[in-house]
Number of protein chains: 2
Amino acid sequence: MATIYQVAERAGVSLSTVSRVLNGKTTVNATLKAKVEKAMVELNYRPNSVARSLATSRSDSVGILVSELNTPFFGDLMQGVESTLRAADKHVIITVGHNNLTTEQDAVEFLISRNCDALIMHAEAMKDEDLIALNEKRLPISLVNRQVKGLENNCIALDNEKGGYLATTHLLELGHRDIAYISGPMKIRDACQRLKGHKRALEEAGVAYNPFLTFEGHYEEEDGKTGLLELMSRDTPFSALVCANDWMASGAMSCARDLGMDLPHDLSIVGFDDVVFAHHVYPRLTTVSNPIADMAKMSAQYILNTLYGHTHNVQRLFEPTLVVRESTMAYES
Amino acid sequence: MATIYQVAERAGVSLSTVSRVLNGKTTVNATLKAKVEKAMVELNYRPNSVARSLATSRSDSVGILVSELNTPFFGDLMQGVESTLRAADKHVIITVGHNNLTTEQDAVEFLISRNCDALIMHAEAMKDEDLIALNEKRLPISLVNRQVKGLENNCIALDNEKGGYLATTHLLELGHRDIAYISGPMKIRDACQRLKGHKRALEEAGVAYNPFLTFEGHYEEEDGKTGLLELMSRDTPFSALVCANDWMASGAMSCARDLGMDLPHDLSIVGFDDVVFAHHVYPRLTTVSNPIADMAKMSAQYILNTLYGHTHNVQRLFEPTLVVRESTMAYES
DNA sequence: CTGTTAGCGCCTTCAG
DNA sequence: CTGAAGGCGCTAACAG
C-alpha cells in the first residue's frame, strides 16, 4: 500500500502538503493540490486510518455494544445507529456483551483500545456507577434503553411504564377483568417498569391486582409456554394475557394452540416490542411498539452533537404506542 | 491513559521488557516480570491496540461484511462468526454492504484501512474478479454463501440446488403435481440454483415444468403476496407452493389467509432458510434449513487456519435439510 | 535475558 | 502557503 510519503515524492512536494490536501483544513496552492491528487490516484493511495488514529487519538468511529447479534431487537438497534452514523461519514465498531458483566467490560476495553471516539451502549450488566465513571473519565457514551441517574443527558429510553399501561388498558377496554401477566426478569429495569404500568392500569380501572396471575420469565420464547402452563395450573381463571415481550407472547400462543385453544376467542394476548415477526404469528399479534430503531438513531445523533459539533434535536424519552392486530378481542362471558 | 513507557519507568526497566511481558513471546526474568505486572495494575495500564496495530500491521481482528444488520439471516451469520472468533481471542469489525457495489467497496476499504487481518464477506454486488484480486493482492478473504471459480478454498456455501430439490420433492411425495414456485431475483446465484433444484425434482418425477407456475420475486415478504396473487390470476391451478425464502412464504401465507383460504388444506407451502420466525408463523412453516450459523462458523475457522495457524477441519459445502412442520399436507383431490 | 534504536503512517507545531 | 522535525504507543531487530 502506498504511503503518504510516496505520494509526496511522486508529486514533488513534502509530505505535510499531502497531509493538508488530505484533510482539507488549511488552504493549499491549487497547482500543488492538483499534483498531489494526481499522484494519489496514480498510486491508488488510501489513507491508513490506524496511523491517523494513532496520531490524532481519534478515529471517526464509534463503538457499539449490544447484547446479542441475532435478534430483531438488536438488529434494529444496530441498523438505526449504523445508518445515521454512516450518513455522517462515521464508522461503527460493534461488540457483543451477552448480558454478562465481564464480557461487557472486555468489549468496552476493546472499543476504547481501538480509539473509538464514543460509545453507544445497550449495557445490561454494568452498574450505574461504572457507566458514570466511564463517561466522565474515559469517553462520551450514550445509553440506549436505559436510564441512569446522573447521566440523564446520555440516556435515550422508552417509557416502559406507559407501555405496560397501554397493553393492559387495551384489554380492560375490551372488557377483560382477569388479566394474566408474564413478565421479564425483575432484575431488569424495563421488566419492572412494564409490570408497574400493568398494575397502574388495573388500579385505575378498579381491578385488584392478583399476584397469582403473574409469572416471571426471562424474556425468552420458552417462558411463554412455561408461564402459560404455570398460570393455568393455578386455578385462577383469566381471559387475557399480556406478555412483557413478543417472544414470550409467541411462545404462549403456540402453547395455547397446542392445548387446543381457539385464539383469540379463548384467550386474548398482547405482546411488547413489535418485533419483526409480530405480524408473522397467527393471529397477528397485538403489541406495544418499541421504536428501538428511532431511539438508536437519536442516540447516534446525540453522539454526533457532542463529538462532531452537529446540532440535531435529541429526544430522550420515547412514547410507546399500541399496535392493535388480531390477537385480542372483546371479552366474551 | 498510561503508556508502556510509564509502566517501564515505574517498574524500573526498559520499555522493551514491558513489551515482552505483554506479548509473552520471549522469556523474561521472573522478578522483573513481577515488577512490570505490578506497575501495570497500579497504573491501570491498557495496551493501545491502535499503536500495536500500526507497529505490526496486524490487528487480531477480522472484518465482516454483511448486507443488512437487522435480518435473522445476517444475525445468525454475524453471531456465528463472532462467537468462534472471540473464542480464539480475535475481534470482529462489522460493516454493511446493502447489496450495493459502491457501499460494499467502501466497506472493504474501511476494513482494510483498519488493518483487519482478513475479511469474511457476504458479498453480493462485487464481482468474482474483484474478489479474486482482493484475496490475491490485499488480504485473505472468506466468502460465505457464495461460490467463486478460482477461489474454491475460500468459499463456504450451501448446496442450494439440493435445497430446491428437497422442497419440491417433499411436495411431490405428498402427491402434489401442480406446484407453483416463487423465486428470488434470478440475478442472484442462489435464487437460480434453488429454482434449478425445483426443476430437477419435477423432471425426475416426470412432471412437466410449467413456466406459468413460477413467479420471480425479490426475496421480500411483499413478493409472497404479489406472487401468489399473480400466480392465481394465471388460471393455472396449483395445490402447492414453494417459496425461495421464508419471508416470501410468510407473505404468501398471510395473503392466502386474507383470501379466506384454509391452510394447509387449500394450499401447501414450503419456505427456504428456516429463519427464526419460521415456527412462529401459522401453520408452522415447513421449510428447508439453511445452516448459516454453521457456515459462518466454518468460515471463521478457515480464517483462523490460514491466519493464525489453527488446524480446524473446514467443510466447504453444506447440505440443506428439510424441516417438516405443519404448512404442508398430502394432496387432496 | 535485557536495553537501545529505529521505524509503522500520519498529524501538527514551528520556522521560513 | 510550504517544508522540517518531532511525536502518537508500540514492536522488532540488533547488540550486549
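Throughout, protein chains are lettered first and strands after them, A, B, ... in sequence-line order, and every chain is numbered starting at 1.
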- Take atom CD of B/E9 and atom C1' of C/dG3, then tell me their distance rounded to the nearest Å.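 The distance from CD of B/E9 to C1' of C/dG3 comes to 15 Å, rounded to the nearest Å.
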
Salt-bridged, [X] to [Y], with N to O below 4.0 Å?
{"X": "B/D128", "Y": "B/R146", "answer": "yes"}
{"X": "B/E124", "Y": "B/K187", "answer": "no"}
{"X": "B/E82", "Y": "B/K297", "answer": "no"}

- Message: Under 4.0 Å from OP1 or OP2 of D/dC10: is there any side-chain N or O of B/S53 that close?
- Response: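 For D/dC10, neither OP1 nor OP2 has a side-chain N or O of B/S53 closer than 4.0 Å.
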
- Task: Establish, with yes or no, whether the OP1 or OP2 oxygen of D/dT2 is under 4.0 angstrom from a side-chain nitrogen or oxygen of A/S14.
- Result: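 A/S14 to D/dT2 OP1/OP2: no side-chain N or O under 4.0 Å.
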
- What is the per-nucleotide protein-contact pattern of nucleotides 9-14 of chain C, from the 5' end, where B denotes a base atom under 4.0 Å from a protein heavy atom, S denotes such proximity for sugar-phosphate atoms only, and - denotes neither? BBSBB-

- Message: Can you confirm whether the side chains of A/R46 and A/N44 place a donor and an acceptor under 3.5 Å from each other?
- Response: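 Note: A/R46 and A/N44 side chains meet the donor-acceptor criterion.
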
- So, A/N160 versus A/D190: side-chain donor-acceptor pair below 3.5 Å or not?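 Side-chain D/A pair, A/N160 to A/D190: absent.
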
- Query: Do any of residues 32-40 of chain A sit with a heavy atom less than 4.0 Å from DNA chain C, and if so which?
  - Reply: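 Output list: empty, so none.
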
- Just do the salt bridge (charged side-chain N to carboxylate O under 4.0 Å, His left out) check on B/E152 and B/R316 with the steps written out, would you? CA-CA 8 Å; B/E152 284 76 10; B/R316 291 194 172 71; over 6 Å; no

- Query: Between B/Y302 and B/H312, is the ring centre distance below 6.0 Å?
  - Reply: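 No, ring centres 6.0 Å or more apart.
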
- Per the side chain to side chain donor-acceptor pair (under 3.5 Å) rule, which among B/S53, B/S57, B/S59 passes with B/N115?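 It is B/S53; the other options fail the test.
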
